[in-house]
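Below: one structure, written as structure tokens.
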Amino acid sequence: MNYLKAIIFISTNKSGSSREAIKAAEKLGYYTILFTNNEKQLEQRKEYIEVHKMISVNTNSLEEMREEISKLLLKSIDIKTIVSFIDPFVHIASILCDEFCQNYNSSNAIKIMEDKEETRKFLADKPYTPKFISIHPDDIISTKSLIKEINLPIIVKSPKSTGSKDVLLARSKAQLGKNIQTLRSKYPEETIMLEEYIEGEQCLVEAIIYKKRANIVGIIEQEITKGKRFIITGYGVIIDVPDNFKKELEDVLHSIVTAFDIENGALHLEIRLSESGWKLIEINPRISGGAMNKMIEAAYGFSLVEETIKLFVGEQPNLTPRHKKHVFTKYIISSKKGILEKVTGKGRASKSPGVVDLYVKPKKGTLIMPPLSMGHRYAYIIATGSSLAEAKMNANTAASEIEFHIQGYEN
């Protein structure tokens, strides 16, 4: 009997790393199965040509997904791995993989990494962990005593938040009290975390761990726009990494991999260089979403999601750069709120010098607003250049061509 070699993906976005991972699996010759509870994806089934089988299932229910997997196994389908490139399904996928296939990932490490509070506690004794305090739902708090423990400014956040949705900055005692109250009202049953605010340049480290060896795939500087939230609007791939800089980041990464006892896996770190050395802002047990895979491909010539899938099915990933190019990605956000009437300038932007990819997310009739999360970034442009500065200039020049025509909207 011929068994179909299959990979199950739990959830995907319409664009970005998660969708590109499914395309990579199809390219590698796997039968691709998507578990989704997204009605729009089911309606737009024909658009997902790289998905061989799309199954409507409650992706928050392990029991329902187990039933669907059991049905697939009865149909001569050989499930090689079960994965997700989307928060918060990375751990859920790994649990199912433990049950139904050989898992080359570490479910326990993923579980801790998906929870910011657990991660902080787990790495509490490390020099790269910032000062932090956990406030539990029934704790009676005094902002005065909190400020004694962590100096202002203070970051206030929900440990379960993703995409900068619930990350608030307090610069004063009054603001600290207000931010704590905001998150307590929103998440009355959950812990709130306070962390020292780290001044300094922030970068993102994409990494693959194979047989306990940590490999830095890319080091990317981040440009942060501070509005109501911290939104990353620019990414520059650093091709010429100074040796001491790389060594320090490798030391942090190695320490994390050792602490979590990771055999194989993919993760990315958000890390900031303070006066007292590198400080870990966040870990996520997956490749960054959005344009990251295309950025790495433009810079180094290989698909990180494709190499990640090889890792997840037990093969050795090939992370050798095919070329090295300076790459910058500019994300476009809106300063106004309203209904999108049209987008102009896409043609001019795509023909701008150095542009290798352009993506505009919203369609006509979409409500556009100033960003409260990373999901409120509405377009990106990836550009190359003879230096990182030129790549950035090329991306910004192209971005300036794009205009969102918005019809005023009152709250």
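Given the structure is predicted, the values throughout are model-derived calculations rather than measurements. No hydrogens, no waters, no symmetry mates; every other heavy atom, side chains included, goes into these values.
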May I ask you to decide if Ile239's main-chain N or O and Tyr300's side chain share a donor-acceptor pair within less than 3.5 Å? no
Without hydrogens or angle criteria, can the side chains of Glu50 and Thr32 be said to hold a donor-acceptor pair below 3.5 Å? no
Below 30° counts as parallel, above 60° as perpendicular, anything between as tilted: where do the rings of Tyr380 and Tyr359 land? tilted
Pairwise side-chain contact, Met113 with Ile262, heavy-atom cut-off 4.5 Å (strictly under): yes
In terms of side-chain heavy atoms, does Thr81 have a donor or acceptor partner in Tyr30 at a distance below 3.5 Å? no
Check: Ala383 main-chain N/O paired with Asn394 side-chain donor or acceptor under 3.5 Å: no
When you check the gap from the basic side-chain N to the acidic O, do Lys121 and Glu117 get nearer than 4.0 Å? yes
His323 (side chain) donor-acceptor with Ala298 (main chain) under 3.5 angstrom: yes
For the residue pair Arg19 and Tyr48, would you count it as a cation-pi contact if the rule is NZ or CZ under 6.0 angstrom from the ring centre and within 45 degrees of the ring axis? yes
Would you call Glu307-Arg322 a salt bridge at under 4.0 Å N-O? yes
From the options Lys116, Lys186, Arg184, select the one residue that forms a salt bridge (Lys or Arg N to Asp or Glu O under 4.0 Å) with Asp166. Lys186
Should Glu250 and Lys247 count as an ion pair when the cut-off is N to O under 4.0 Å? no
Please answer whether the main-chain N or O of Ser303 pairs with a side-chain N or O of Glu20 as donor and acceptor at a distance below 3.5 Å. no
Could you tell me whether Glu118 and Lys111 make a salt bridge, using a distance below 4.0 angstrom between a side-chain N and a carboxylate O? no
Tell me if a side-chain donor or acceptor on Asn293 pairs with a main-chain N or O of Leu304 at a distance below 3.5 Å. yes
Going by atom types alone, do Asn318 and Thr320 pair a side-chain donor with an acceptor below 3.5 Å? yes
Decide whether Ser94 and Asn103 meet the rule of one side-chain donor and one side-chain acceptor closer than 3.5 Å. yes
Output yes when Arg66 and Glu63 qualify as a salt bridge under the 4.0 Å nitrogen-oxygen rule, no when they do not. yes
Quick one: does any side-chain atom of Asn284 pair with a main-chain N or O of His268 as donor and acceptor, under 3.5 Å? no
So, the side chain of Thr129 versus the backbone of Arg120: is there a donor-acceptor pair under 3.5 Å, distance only? no
Output field: ring centroids Tyr104/Phe312 closer than 6.0 Å: no
Indicate yes or no: at least one non-hydrogen side-chain atom of Leu146 is less than 4.5 angstrom from one of Ile135. yes
Between Lys131 and Glu149, is there a salt bridge with N-O shorter than 4.0 Å? no
